[in-house]
Structure formats: C-alpha cells, structure tokens
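In what follows, a single structure is set out as structure tokens and then discussed.
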Amino acid sequence: MSEPRVKRIKTCLPLCKTHLSTAGSQVRQNFPTVVEESLCGVSTLLMEVSYRLEALAQIFEQSDLSLPRVAAYFHQESVKELERAEAMLHYLSQRGGKFCGKNIQRPVTENVCAVLPGLEIMLDQWKEEMSVMVELNQLAREYGDPHTASVIKSQFVEPLVPKVKLVGDLLTSARRVGCTSDSTGGFGEYLIDQLQETLTA
C-alpha cells in the first residue's frame, strides 16, 4: 500500500505538486512525504539558480563587457550551486525518495548589461535560497525529521551566510567606485574586475 497523502501546510517552499512518492522503498524510514516533496522542489530551485548564474557569467564574457574575473566568479558560483543541487538529490535518494525532474525555467537575464544588476540578481537569489532553506529546516523539524533538518542546516544554510555577506560587500564597493545599473559604469566596473581578489578566491 502507498503512504497516505500528507495534508499540505501553508508554505512558500517550491513543493513538487506532481511528486510521485516512493513509499514502498526499503530504505525509507521516518521520511515524511511533504519533506520529500520539498527536497524535490528545492533541488530544482538550486538547478535554476545555477543556470541563472551561468547565464550571467556568459554575459560578462561578451566582448562589449569583457570582465573576465567577474565572469569567472559567476561561473564558479554556478558550478557550486549545481554541486549543491546534486548533493540534495543524493541525500533524497539515500533517504528512499525520488526526484521528478521538472523543467528548468529560463534565467531571464537578457537585460543585464552591467556588474551592479548582476550582483543584485545574485544577492536576491541567495537571500531567497536562504529563506527557502530555513523554512525547509523548520518543516523537517515540525514533521519529526531531525536528520533532514540537521543536513539542511549544516550543508545548505551555513555555507550561504558568507556568500550573502561577500556579495553585499561587493555591491557596496561597486556603488562606491561608480558602477551603475546601465552600461555607463565604465572605470568602476574595471576596478571591481581588477581589484577584487576575493572574487575567485
């Protein structure tokens, strides 16, 4: 028999609404369906973040912008986000869950033409991701799944904290050196690209 459907709670988590639970899995133990659905949905969110960051990296590699260190930073973070998505999928599989493989949304970065809006998109993404991970941690605790709560906190929440701080600092520096939201930032963008040794550290 399949596991009875758990009543959905009010949540902002990207739940997988068409999720097919593997209730009969031999390795499944104390793994609430709503937590499985959330892990499935959040892993897709992480893939979308990775796709968006890679799209931004491609923008900064174009000849009319040509900010190689900024491009390398966005590419580096895109790879890390994909690794985080893969780690979540691996954990989902370990617990006896199933990934549904939803379509990845378009990155919607076509209008970015400067460092400032690129960093703002990155900061907004990570703040949203942080909020989602905290809520996922709380959801796991509410449904009696402390193991998932611990994994989310240690592997997904804590690594985001310094990332948010770094991008916030970069945004402050970018504004101080005269970067703008359009293509008139000029020398300020060159300074950010050349002087920020922390970008690809």
If only atom types and distance count, is the side chain of R141 paired as donor or acceptor with the main-chain N or O of P146 below 3.5 Å? no
Any E128 side-chain heavy atom under 4.5 Å of L45 side chain: yes
To the nearest 0.5 Å, how far apart are OG in S38 and CE in M88? 9.5 Å
Sequence neighbours excluded, the answer for side chain to side chain contact (heavy atoms under 4.5 Å, CB included) partners of T148 is F31, V35, L39, Y91, R95, A140, D145, I152
Can you find a pair of side-chain heavy atoms, one from V79 and one from R84, that are under 4.5 Å apart? no
Test your reading of the model: is there a side-chain donor-acceptor pair from S154 to the backbone of S150, 3.5 Å cut-off? yes
Between CG on residue L171 and CG on residue L119, distance to nearest 0.5 Å: 5.0 Å
Going through the checks in order, is the side-chain contact (heavy atoms from CB on, under 4.5 Å) test met by D124 and E129? CA-CA 8 Å; D124 289 342; E129 189 178 321; over 6 Å; no
Enumerate the salt bridge (Lys or Arg N to Asp or Glu O under 4.0 Å) contacts for residues 114-123, please, sequence neighbours excluded, ordered by first and then second residue. E120-R175
Do F156 and N137 have side chains that approach each other closer than 4.5 Å (heavy atoms only, starting at C-beta)? no
If you draw a 6.0 Å radius around NZ in K163, do more than 12 non-hydrogen atoms from other residues or ligands fall strictly inside? yes
Could you walk me through whether Y73 and V167 pass the side-chain contact (heavy atoms from CB on, under 4.5 Å) test, one step at a time? CA-CA 11 Å; Y73 174 56; V167 177; 3.5 Å; yes
If you round to the nearest 0.5 Å, how far is CD of E86 from OG of S43? 11.0 Å
By side chain to side chain contact (heavy atoms under 4.5 Å, CB included), which residues pair with Q155, not counting sequence neighbours? V151
Drop me the distance from K98's NZ to E37's CD, to the nearest 0.5 angstrom. 13.0 Å
Under the side chain to side chain contact (heavy atoms under 4.5 Å, CB included) test, which residues partner V161, sequence neighbours left out? M130
Pairs involving residues 49-60, ordered by first then second residue, that meet side chain to side chain donor-acceptor pair (under 3.5 Å) (sequence neighbours left out): S50-S78, R52-Q125, E54-Q58, E54-H75
Is the shortest distance from a Lys or Arg side-chain nitrogen in E83 or K80 to a carboxylate oxygen in the other one below 4.0 Å? no
Enumerate the residue pairs fulfilling ring pair (Phe, Tyr, Trp, His ring centres under 6.0 Å) with a member in residues 114-135, sequence neighbours excluded, ordered by first and then second residue. none
Take F74 and I121 through the side-chain contact (heavy atoms from CB on, under 4.5 Å) test and state the conclusion after the steps. CA-CA 11 Å; F74 277 95; I121 288 173; over 6 Å; no
Residues which pass side chain to side chain contact (heavy atoms under 4.5 Å, CB included) with T44, listed by chain and number, not counting sequence neighbours: E48, F99, K102, I104
Stepwise, does the side-chain contact (heavy atoms from CB on, under 4.5 Å) test hold for L46 with M133? CA-CA 11 Å; L46 293 176; M133 293 300 178; 3.8 Å; yes
